[in-house]
Enquirer: 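There's a structure below that I have some questions on.
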Amino acid sequence: METLIKSGEQAIKLGADLIKAGEIVAFPTETVYGLGGNALDAACVQKIYAAKGRPADNPLIVHIAKIEDIYPLVSEFSERNKRVVEQFMPGPITLLFPKSDIVPDSVTAGLKTVGIRMPKLEIAREFIESSGVPIAAPSANASTRVSPTTAKHVYEDMKGRIPLIIDGGDSEVGIESTVLDLTGEIPTILRPGAITAEMLADVVGSVRTHKGEVISSAPAPGMKYKHYAPTCPMVVAKDMDSLIAEYDIQSQKGLNVLALIRGQAVQAMAGRKYVNLGNNDSEVCRNIYKAMRDGEKVCDYIICIDLGENGLCKSVMNRVMKASGGKVV
Ligand code: TXA
Ligand code: MG
């Protein structure tokens, strides 16, 4: 199968036509690119799992274009949850509700809850709206690979497997949405993202964060899989001194090393190879996956500086620690 990359209105129209014909299409969102299909069509959902090589026990997020599109998909909608929706949708967040019967079990991997997301990126909402159905979509990477933030990244993984990639340029946020479980008394963050615990607590009073990484009883099934990993080894350095020391040790072994650092640390690199992730937290977040994807092509060992625990960087570090298998030097 030939995989087209197209942008603009023409791409949205073609994408919507393909969805109506039961095909799957990659599309941009403000977080990362998604691999979408008709969420109400179990056969189409199977195509998504197959194209990604995704385990069947890892549920998909259902994407919508308008708030009212939530109602047919859920069996319960409280006042509190309405407040959360009104405050954060559209945006980089996925909300879990008790699912209604029209959502196929394959979408939710047999769970009684459904994750719903309304992207902020207008192209994404236009595509969903024109398709006329809710769109089930995981990130558009092959399973276990780093999530794609450009059409080119999607092409690397999905070439020959899907008919179309809608090109919407670089994803603005750069990491996947916050996943928030709204089915319990206290909302629980299952995956941290750009909507932080602090932002949520302002609206709902208290939120729990799900601690604990790779455990099989993790409530977001995806969390137990190795994720976001580049194809070469990656480690985290706790500070710039450790980063330089590790860089030199690995280089002396003959490895081609690449450092991922903040803009402020550029001078300290003194001729060593690096990617500048940016000068502030949102730039760092936007660039982290791109740096891993591009980095693995040009080096055989990546060292990423510890980005700290403040706000957005806490979510970025969640991905970086997974990519490095928790290895800190
Ligand atoms: O930003 C995003 O969320 C992107 C864009 C395309 O929207 N999508 C994305 O999907 O990251 P995916 O499939 O790569 O990650 C979804 C995560 C997985 O860890 C999955 O297990 C969890 O959300 N999830 C989805 N539905 C769930 C449910 N009903 N209960 C618990 N976890 C769920
Ligand atoms: Mg994913």
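Since we're looking at a predicted model, the values are computed, not measured. Note that ligands are numbered from 1 as they come in the structure, with each ligand's atoms numbered from 1 the same way.
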Enquirer: My understanding is that we take every heavy atom of each candidate and find the minimum distance to atom 4 (C) of ligand 1. Doing that for Thr183, Val32, Ile175, which one comes out nearest?
Expert: Val32

Enquirer: I need the contact type for Met118 against ligand 1. Using non-hydrogen atoms and a strict under-4.0 Å cut-off, is it side chain, backbone, both or neither?
Expert: neither

Enquirer: Any N/O/S atom from Ser147 (main chain or side chain) under 2.8 Å of the Mg ion (ligand 2)?
Expert: no

Enquirer: Atom CD of residue position Glu68 - does it have more than 12 heavy atoms of other residues, nucleotides or ligands inside 6.0 Å?
Expert: yes

Enquirer: Using distance alone, determine whether Thr108 and ligand 1 share an N or O pair under 3.5 Å.
Expert: no

Enquirer: Show me the pairs that pass salt bridge (charged side-chain N to carboxylate O under 4.0 Å, His left out) and involve residues 160-176, at least two apart or across chains.
Expert: Glu176-Arg319

Enquirer: Where on Asn58 is there a heavy atom closer than 4.0 Å to ligand 1, on the side chain, on the backbone, on both, or on neither?
Expert: side chain

Enquirer: So, is Thr113 polar-close to ligand 1, with some N/O to N/O distance under 3.5 Å?
Expert: yes

Enquirer: Compute the shortest N/O to N/O distance between Arg54 and ligand 1 and return yes if it is under 3.5 Å, no if not.
Expert: yes

Enquirer: When you check the gap from the basic side-chain N to the acidic O, do Glu198 and Lys314 get nearer than 4.0 Å?
Expert: no

Enquirer: Is there any N or O on His63 that sits under 3.5 Å from an N or O of ligand 1?
Expert: yes

Enquirer: Once you round to the nearest 0.5 Å, how far does NZ of Lys290 lie from OG of Ser171?
Expert: 11.5 Å

Enquirer: If you round to the nearest 0.5 Å, how far is CZ of Arg125 from NZ of Lys66?
Expert: 11.0 Å

Enquirer: Would you list the pairs meeting side chain to side chain donor-acceptor pair (under 3.5 Å) in which at least one residue belongs to residues 253-279, sequence neighbours left out?
Expert: Asp248-Arg272, Gln250-Lys253, Asn256-Lys273, Arg262-Asp281

Enquirer: What atoms of ligand 1 come closer than 4.0 angstrom to any heavy atom of Gly34?
Expert: 6 (C)

Enquirer: Side chain, backbone, both or neither: which part of Lys99 has a heavy atom under 4.0 Å from ligand 1?
Expert: neither

Enquirer: Is Lys112 salt-bridged to Glu76, going by a charged N under 4.0 Å from an acidic O?
Expert: no

Enquirer: Any N/O of Thr31 closer than 3.5 Å to an N/O of ligand 1?
Expert: yes

Enquirer: Any carboxylate oxygen within less than 4.0 angstrom of a Lys/Arg side-chain nitrogen, looking at Lys99 and Asp105?
Expert: yes

Enquirer: Touching ligand 1 at all, Leu96? Heavy atoms, strictly under 4.0 Å?
Expert: yes

Enquirer: Any side-chain donor paired with an acceptor under 3.5 Å for Arg191 and Ser177?
Expert: yes

Enquirer: Taking only heavy atoms of Pro138, which atoms of ligand 1 are found under 4.0 Å from at least one of them?
Expert: 10 (O), 12 (P), 13 (O)

